[in-house]
Amino acid sequence: MESAALPVNRSKGAAPSFLGQLLGFNVIWAVAFAIVGYIVAHWLGGKIGANIAAEQNPGGTDQDDIAILLGLFGSIIGWMLGLGFFNYPLKRMLGRAPSLHEGVDSSTWRYFRLCTDHKVVAMQYLVATLFFFFVAGLNAMFIRTELTSSNATLFPAGNYLTLVGLHGTMMLTMMSAGVIGPLGNWLVPIMIGSRRMAFPRIESLTMWLTVLAGFVLLSATLLGGFPTGWTGYAPLADQARAGIDSYLVSFLLIGIALVLVGINILVTVVTLRAPGMTWNRLPIFVWAMVTTSILAVLAAPVLAAALYMVMSDRSIESTFFISSSGGSPLLWDELFWFFGHPEVYILALPGFGIVLEILPVFARKPLWGYRMAVAGMFGVALMSFMVWQHHLFMSGINANLRPFYMFTTELISIPTGLIFLNGFGTLWKAKIRFTVPMLFCLAFFFNFLIGGLSGVFLSDVTSDVVTHGSFFVMAHFHYTIMGGLVFALMGGIYYWLPKMTGYTINQALGKLHFWTMFIFFNLTFFPLFAAGMLGMPRRVSSYNASLHTLNVFVSIMAFCLGLSMLIFLGNLVWSLVLKRERASDNPWHSKSLEWQIPTPVPSYNFEQIPTITGDPYGYGLPEAPVVDFGRRGAVAAGEAGA
Amino acid sequence: MSIAPEKVGRDEPHHGRNIAIIWAIATAIMVPVIIWVVGPHIPPGSLTDDTRAQHAVDVVLTALSIPLLMLVWVYLGYAVINFRADPASGTIVDGPPLRSNTRIQATWLIVSAVLVVGLAAYGTVDLLTENGAGGGQGSNPLAKPSDARSALQVQVIGQQWLWTFRYPGYGGVETAQLVLPVNREIEFHVTSLDVVHSFWAIELGVKADAVPGADNIAYVKIFRKGSFQVRCDELCGLWHGHMNTTGHIVSGSAFNSWIHATVTKYAAVTKYLPPYSLTYYPIPTRNAT
Ligand code: HEM
Ligand SMILES: [Cu+2]
Ligand SMILES: [Cu+2]
C-alpha cells in the first residue's frame, strides 16, 4: 500500500514545447513502432515457422500463421513501447522514486498518449469506443444493403461474412468497453470521492489496448477477412485463412483489457472510497461497475485460454479442436459460451446501472428498493455462469442437461425482473421531467422487456428448435444490447457529458435523436422476430424469396436508424465544437456527488477528500445530507441553480 | 429556483386501482386475440409432430408474455401521463421519499418465482415427452418417441457445403436427395465431415448441429406428403448461405420403390464408401476457403 499513501500532485506540470511533445512518447510513435514491431516479428516468425509449416502441411498451408501471429504480437509490443508504457517499470528498476503521475499536463497532447488522469483516460475511451461504434454501424449499413436482395449481389460471399463478423465482433468488444471505459473510469473515482483509480497506469493501458484491438480487428480485412462471425467457432477457425488471426489477437487484447479494467475498478472501489462512503451509500452505478468487473475478471480469462488454443492449433499444429486427432469441436463452443454468456451480462449490467442512476434524478424520488437492485445485480452476475449451454441446446450436448440449463436460464429472469421493479417503484407518484436522458431510460424498459420476453422463447428448448440460430436470435440480442445497453449509454452520455466536457448538449437535437432512434430501432428489429420464425438463418446473404419484402422494409428502417445516429453525431459536433455553451455545475439538480463539484472538474477532483454523509438519492427530503466538503466547501446540494 | 417537497393531498386518485383495471382490460382483450387470431399463424405450421409441439409452445409462451407486456406498458404509460412534473411551475418539486415496500417486493419475487418454476416445469415435461424430440439431442436422447425402435434411420452428413444422406437400413446407400416416408417415425443421425454445420428443416421442426466426430439424434413424424426446405443453420464458411436442399415426403410405397431404385443405381458406388458409421474421422483440410 506504499503507493496509496503518496501525496497527490495538484498542480499540473508545465507542458513541454510542441517539439518536445511531438518527440516524446505518444500515439504517433506507437503507430510507427507497431508497424516496425509487426515487420520484425513477422520476419522472425517466418524463419521459425518455415520448417514446421513445410513438414506438417505439405502443400496445404498457403499462409504462414506463425509469422502473422508473431507479427501481431510484435505490433502490440511496439505499440506499448511507443506510448511509453515501459518507461516507468524501467525507471523503477533503475531506482527512480515511485509516482502516480505520468503525462498529466494541460496540453492537448495528453489525449494522445499515456496519461494517468482518469478523466483524460475516460475521454480517450469515449472517443475511441464511439469511433469504432460508428465503424461497426457502417458495416451494419452494408449488411442491410446486401440484404435488400434475396441473392448475394453486392458483396462476394467471403466479404459478406467478413462484414458480419466485423460488425458483430467490433460492436460487442467495443460496447463491453463502452460503458465501463468512459463512464466507469470517469465516474467511479468521483462517485466514491477519490482522486484517481487504484492503478492509473493500468487504466491507461486498458484504454490503449482497446484502441489497438479495434485496429487489429480491422486488419483482418488486409489478411483476407474471416468467415466465422463473432463466435469464431472451431474447427472453422482452425481452417480459415489468415484474417482470423486478427480476430483472435484482437479479441485476446479485449479480453486482457477487460480483466485489467475489472481488477482496477474492484480495487478502486474496495480501497479508495472516501470516509463515510459505506457500502450502503455506494451509488447504484458503482455497484453495476463492480458486478460487471466481477464478470469480466472471471469470464475473460476463459476466453483468452480458448483463443490461445485456436492460435496454437493454427500455428504449431496442435489439435485441440480437431476430432480426428483427439480434439473436440464442441470444446470451443463450451469455452466460448462459458465466456459468452457472462459477456452478454457485461453488456447488460452497465445499462441497468446507468438507468437506475438517472431515473431518481428525473423522477425526483429516491431509488426505490436499493438493496434489492444490488442483490439483483449480484444475482445476475453469479447466475450468468450457470446458463451458457442454452446456446448449445441443438448441438448434441448431453440431452439430460437440457432441462437444467433451461431452468437456470429462466431463473435468471428473476433478478433481471427486480431491475424493472426498481424502475417502477422509482416512477411511482414521481414528478417526472422528460429530459433527453430520461427519455432514453424509459425507452430502455420498453426495449429490454421485449428482449427479455423473447429470451423466454429461446430458453424453452422446444421453442428454441425453431428460433435457434435464426434471425429471431438476431432480433433478441439487438433488443437487449442495442435497445438496452446502447439506449442506456446514450442516456448516460446526454446526462454526464455536460459534466465531463463542461459544455451543454443541445436538448432539441437530443430529442430528435431520441425519437428517431426509438421509432426506427423498433421498426428495424421487431420484424426480424418474424423473419427468424419464418426460417431465415443468421449470417446468410441469400435467403428465401418469400422474405424479400420484409427484408427490404427492415433495410429501409435500418438506414433511417443510421441517419438517427448521424443526428447524434451532429449534435455532439454542434454542442461541443461549434456552440460550446458552458454547462453549469449541476444543471439537472442531482444530489449525486459528481454534480456537487465544479464544472469543469479540476484535475484533482476534490480540493479535500469529502466526507460522505448520505446516499445520493435523498429526493423528497430537502435537507437530506449527501456530502460534506469540509472547511473550504463547494457547491452544496440544492443551491446549484439558485 | 427552489426545491420543495410535495404537499400530499387527501383527494389523491387511486393510482394502483386504476392501473390494475386498465391492465386487466388490456390483458383480457389481448390474450384471446393472441390465442385465436394471431396464434394459428405462428410458425412453423402443423406438418409434423414436432412442429405441432413447437407451435403449441409458442402460442402458450406468447399468451403468457402478454400479461407481462401489458403490465409494463400500462404502468409506463400511466406513469408517463400521471406522474409528470408540472413544466410550467419554475420550482422543482420532489416526489414522496418512498424507498421500499417489503410486501410489494415479496409479492413480486414470489410471483416471478412461481412463473419461472411453472415455465421450467412445462418446458421439462415437453422435453421428456416426444414434444422435444425435434432438436438435436446428442447420442443419448432424452425424449424418445414410443415407436423409436421401428423408426426409419437416416444419417445426415454435413460437409462444406452440401448435405448428403445415408440410409443404414438399406446397405448404407448415400445420396444427395432426402426422401422421407409419410406417417412413419424418422430417426435422424446428424454428423459432419469437417466443421460444425446445423441441419435445419423448418417445416419439419427439426434442427440438429452437425459436429465432426459426434452423432446428434433428432426424431420426427410427418403427417402429410409434400416437400420442405433444408438449410444450414450454423456458420460453416464461405458458402454457408447456399447449403440448401429440398427434401420430399412421399407415401410409404413410393418411398420403398425410390429407395430400392436408389440402392440399385448406386450399388457400384456404395461398395467404395467407408462402411456406415455414426461418425467419421476425416483428415481436416486447412485453408479451404
Ligand atoms: C444500426 C444498428 C444496427 C443494425 C442495423 C444492425 C444490423 C445487423 C445485421 C443485419 C446483422 C447480421 C445478421 C446476420 O446475418 O446474422 C447484425 C449482426 C450482429 N449485430 Fe448488429 N446491427 C446494429 C447494431 C448493433 C449493435 C449496437 C450491436 C451491439 C452492441 C450489434 C451486435 C451485433 C452482433 C453481435 C451481431 C452478430 C454477428 C454474428 O453473427 O457474428 N449490432 N446486426
Ligand atoms: Cu447466453
Ligand atoms: Cu453452414
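Both backbone and side-chain heavy atoms feed into the values below; hydrogens, waters and symmetry mates do not. What you see is a predicted model; the values in this text were computed from it and never measured. Below, chain A is the first sequence line, B the second, and so on; all start at residue 1.
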Quick check on [X] against chain B: is it the side chain, the backbone, both or neither that has a heavy atom closer than 4.5 Å?
X       : value
T228(A) : backbone
L418(A) : both
L411(A) : both
A234(A) : backbone
N400(A) : both
M406(A) : side chain
N422(A) : neither
V456(A) : both
L427(A) : both
R402(A) : both

Starting at [atom1] of [X], measure out to [atom2] of [Y] and round the result to the nearest 0.5 Å.
X       : Y       : atom1 : atom2 : value
H589(A) : T91(B)  : NE2   : OG1   : 10.5 Å
H240(B) : L161(A) : NE2   : CG    : 7.5 Å
Y619(A) : D94(B)  : OH    : CG    : 8.0 Å

Quick check: closest heavy atoms across [X] and [Y], and the distance to 0.1 Å?
X       : Y       : result
I92(B)  : R364(A) : CG2-NE, 3.3 Å
G396(A) : N216(B) : CA-OD1, 3.3 Å
A120(B) : F407(A) : CB-CD1, 3.3 Å
V540(A) : G241(B) : CG1-CA, 3.6 Å
V116(B) : E410(A) : CG2-O, 3.3 Å
I19(B)  : W428(A) : CD1-CZ3, 4.0 Å

Could you please state which residues from residues 63-71 of chain B sit under 4.5 angstrom from chain A, measuring non-hydrogen atom to non-hydrogen atom, sorted by number, or 'none'? S65(B), L68(B), L69(B)
Just do the side-chain contact (heavy atoms from CB on, under 4.5 Å) check on W200(B) and S470(A) with the steps written out, would you? CA-CA 10 Å; W200(B) 185 18; S470(A) 75; 3.8 Å; yes
Check step by step if side-chain contact (heavy atoms from CB on, under 4.5 Å) holds for R84(B) and F434(A). CA-CA 8 Å; R84(B) 44 167 75 219; F434(A) 293 98; 3.8 Å; yes
When you compare the side chain of W368(A) with that of I104(B), does any pair of heavy atoms fall below 4.5 Å? yes
Report yes if some heavy atom in the side chain of F424(A) is under 4.5 Å from a heavy atom in the side chain of L76(B); otherwise report no. yes
T462(A) and N131(B) side chains, donor-acceptor separation under 3.5 Å: no
Residue from V190(B), V206(B), D209(B) passing side-chain contact (heavy atoms from CB on, under 4.5 Å) with M394(A): D209(B)
side-chain contact (heavy atoms from CB on, under 4.5 Å) between H468(A) and D233(B), worked out: CA-CA 8 Å; H468(A) 172 86; D233(B) 195 38; 4.0 Å; yes
Please confirm whether F420(A) and W108(B) have ring centers closer than 6.0 angstrom. no
Using modelled atom types and a 3.5 Å cut-off, is there a donor and acceptor pairing between side-chain atoms of Y233(A) and backbone atoms of V196(B)? no
Can a salt bridge be assigned to the pair R539(A) and E234(B) using a cut-off of 4.0 Å between side-chain N and carboxylate O? yes
Before you tell me yes or no, could you show the steps for D615(A) and R99(B) under side-chain contact (heavy atoms from CB on, under 4.5 Å), namely the whole-Å CA-CA distance, both residues' side-chain angles and the distance that decides it to 0.1 Å? CA-CA 12 Å; D615(A) 77 1; R99(B) 284 196 176 245; 2.7 Å; yes
